Amino acid sequence: MIAPPLRSLVRDAIDRAWARAVASGALPEPPADASRPAVAVERPADPSHGDFASNLAMRLARPYRMAPLAIASALAAELAREAADSPEATPIAEAEVAAPGFLNLRLADHTLEAAIAGALAEPDAWGQVAAIRARSVNVEFVSANPTGPLHIGNARGAFVGDLLCRVLEAGGQRVTREYYFNDSGGQIRNLGASVAALRRGEPVPDDGYKGEYVADLVGELPERVWAEATASGADTDGIVGHWAAGRVREGIERSLAALSVRFDVWTSEASLHDEGWVDRAVERLRERGHVYEQDGAIWFRSTDFGDDKDRVIIRSNGEPTYFAADIGYVTEKFGRGFDHLIYVWGADHHGTVARVRNAAQAMGYDPEAVQMLLYSWVRFVRDGVEVSMSKRAGDFITLDELLSEIGVDSARWFFASRSVNTGIDFDIELAKKQSNENPVYYVQYAHARIASIVRKAAEAGLAPASDVIGWLADAPEAALARAVARFPEVIEDAVAAEETHGITAYAIELATTFHGFYRDARVVDPQAPERSAARLALAGATRITLAKALGLLGISAPESM
RNA sequence: GCGCCCGUAGCUCAGUGGAUAGAGCGUCAGGUUGCGGACCUGAAGGUCGUGGGUUCGAGUCCCGCCGGGCGCGCCA
């Protein structure tokens, strides 16, 4: 069973108080129209203001034409009455009014006790939130073409996409993780030409691929493939390139697996053409009157949808553009039954966002069902100088190399703790150096420390209690219980915003609170077995919560470190 | 030129229109004859790029300006 976040319980309590205040005549009938404000509660920055605060009275001042403090007083009186008459029925113990009209609320101990007991009784359900959108989503990310191994320029897309999928799943959505690649065409032929040249003992062509991995491919090139490629009349570059692309793709898959990033579906651009998706999409646009011919090319009249110019979909030489494949892919994805498509793109692709959504709309799909998540670009610098990440020039740092230096958990945390639309300067040397100082270790340390305490307790014959009822009177316990009980709200916010940095910030806060608790409250104490049992229970709930937070980010929660 | 994103502590970054703007790292000063010192306590450090506007209230919303990034192909 999913326990609702405390925030929701508090909101409901205020709603009840409001309704009773109206019924008793203390407050007027609320406005029925849009000027009726929704009850909003927040966690105040200053703990002395209580566990929750609401600005409802200030929002009601204008429609009620009353002083905010008077409204707040009426609401507080009803909240206090409920707390006095039926304390078990309300999450709130105290309600205070503060200028200029805040309603400051303090949670009852039984509310916190119930939350802790819930986490301990059903760890799997702890932190789960009600599905906000029960839809089927396709998330396409990374999608680097198989012309070379993934490099650190692909890292952000991989982690951002993976984290997005995890957050969507936490929100109850069905997610398909998709990788789109092009293993035909000029780039692949070029890769093949580079491999073939080295195989013959010739230098790589000027416009070929120069990375070390090309030489590795030559070493792995089977004689059978080479013989086939060099047979008379054979398309040498194409055949070698096709083999090389497959080989590179296997490597990409391994690299991603090392990042704990998995994909459900790999779709090749060629298959979209071969299976007729592109042709059908163009036809669909034509039927709807959004296509015309000019200068021998076929154009999509995107200006009808607000674009500043129309776009070519079939070139005058008969070849479809990349955009044509995009359009075909949209129909192919929707054809598989998805309710929603998300593209995870680098911000440098923002110019194509409107184009693809316009095409979707032109084909009769809801453009709102086509969403692009743009992440800001990462500038790679070394000694303060920007370095280019060029596969063709062979000047890049592979993802595998980066990971061997800084570790998956550290890298995941790095990207999870930053908003997608802030640009990042990534100094490789600095990243290595700072890896040891990554806050992820601070959080993991708290988890390992609790695991150690539990082991120690077991040696002393102490077991955790199943709840902490009656033990939250003291400050260390109360502070830790409050921090743990907030967890479902953090997940709810992360799901709503489709962001993860709230989770990392919370994890640090919870770890900090635990370390303070550890300092002030001795957990393993055979002289006080009942108190030890309660503190072990609280520590256990903390451990579950830390593991859940880390797990949602794909980060390990070690028992020792 | 047009469009999108960004500008918050020395650095890297948080901050659903709310109260005295926060965290990590770094710097400085302290702390353990007890369960993990990868820990804890404290200090210094901010005209939230800038000028207007909206609001009871603006780091947050709107407009201008300054600075930075990116995009504006019958490339992919």
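Since this is a predicted model, take the numbers as computed values, not measurements. Proteins get letters first, then strands, A, B, ... in listed order; numbering begins at 1 in each.
Checked against B:G36, B:U41, B:C5, the side chain of A:Asn421 finds its nearest nucleotide in B:C5. The side chain of A:Ser560 has B:G36 as its nearest neighbour among B:A14, B:G36, B:G34.
OP1 or OP2 of B:G15 lies within a sub-4.0 Å distance of a side-chain N or O belonging to A:His501.
Remark: A:Trp277 pairs with A:Glu275 by the side-chain hydrogen bond (donor to acceptor under 3.5 Å, both in side chains) rule, at least two apart or across chains.
Residue-to-nucleotide contacts include a donor-acceptor pair under 3.5 Å from the side chain of A:Asn55 to the base of B:G18. At a cut-off of 3.5 angstrom, counting only N and O atoms as typed in the model, there is no donor on one side facing an acceptor on the other between the side-chain of A:His515 and the base of B:C39.
Base pairing in RNA chain B gives the following stems of 3 or more Watson-Crick or G-U pairs, range against range and under 3.5 Å: B:1-7 with B:66-72, B:10-13 with B:22-25, B:27-31 with B:39-43, B:49-53 with B:61-65.
Only at 4.0 angstrom or more do the heavy atoms of residues 536-543 of chain A sit from any atom of RNA chain B, so none qualifies.
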Worksheet, complete the sentence: Reading nucleotides 19-30 of chain B from 5' to 3' and marking B where a protein heavy atom lies under 4.0 Å of the base, S where only the sugar-phosphate is that close, and - otherwise, the string is B---SSS-----
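In this pair, A:Phe159 and A:Phe415 present their aromatic rings parallel. The plane angle is below 30°, not in the 30 to 60° band.
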Protein-nucleic acid N or O pairs under 3.5 Å, nucleotides 74-76 of chain B:
residue : atom : partner  : partner atom : Å
B:C74   : O3'  : A:Arg315 : NE           : 3.3
B:C74   : O2   : A:Ser316 : N            : 3.0
B:C74   : O2   : A:Ser316 : OG           : 3.1
B:C74   : N3   : A:Ser316 : OG           : 3.2
B:C74   : N4   : A:Asp295 : O            : 3.2
B:C75   : OP2  : A:Arg315 : NE           : 3.0
B:C75   : O3'  : A:Arg315 : NH2          : 3.4
B:A76   : OP1  : A:Arg315 : NH2          : 2.4
B:A76   : OP2  : A:Arg315 : NH2          : 2.6
B:A76   : O3'  : A:Asn182 : ND2          : 3.4
B:A76   : O2'  : A:Gln187 : NE2          : 2.7

Can you check nucleotides 7-10 of chain B for protein contacts, nitrogen or oxygen pairs under 3.5 Å, and list what you find?
none

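Atom name C1', nucleotides B:U27 and B:G15: the rounded distance is 25 Å, in whole Å. Separation of the C1' atoms belonging to B:G49 and B:C5 is 16 Å when rounded to the nearest angstrom.
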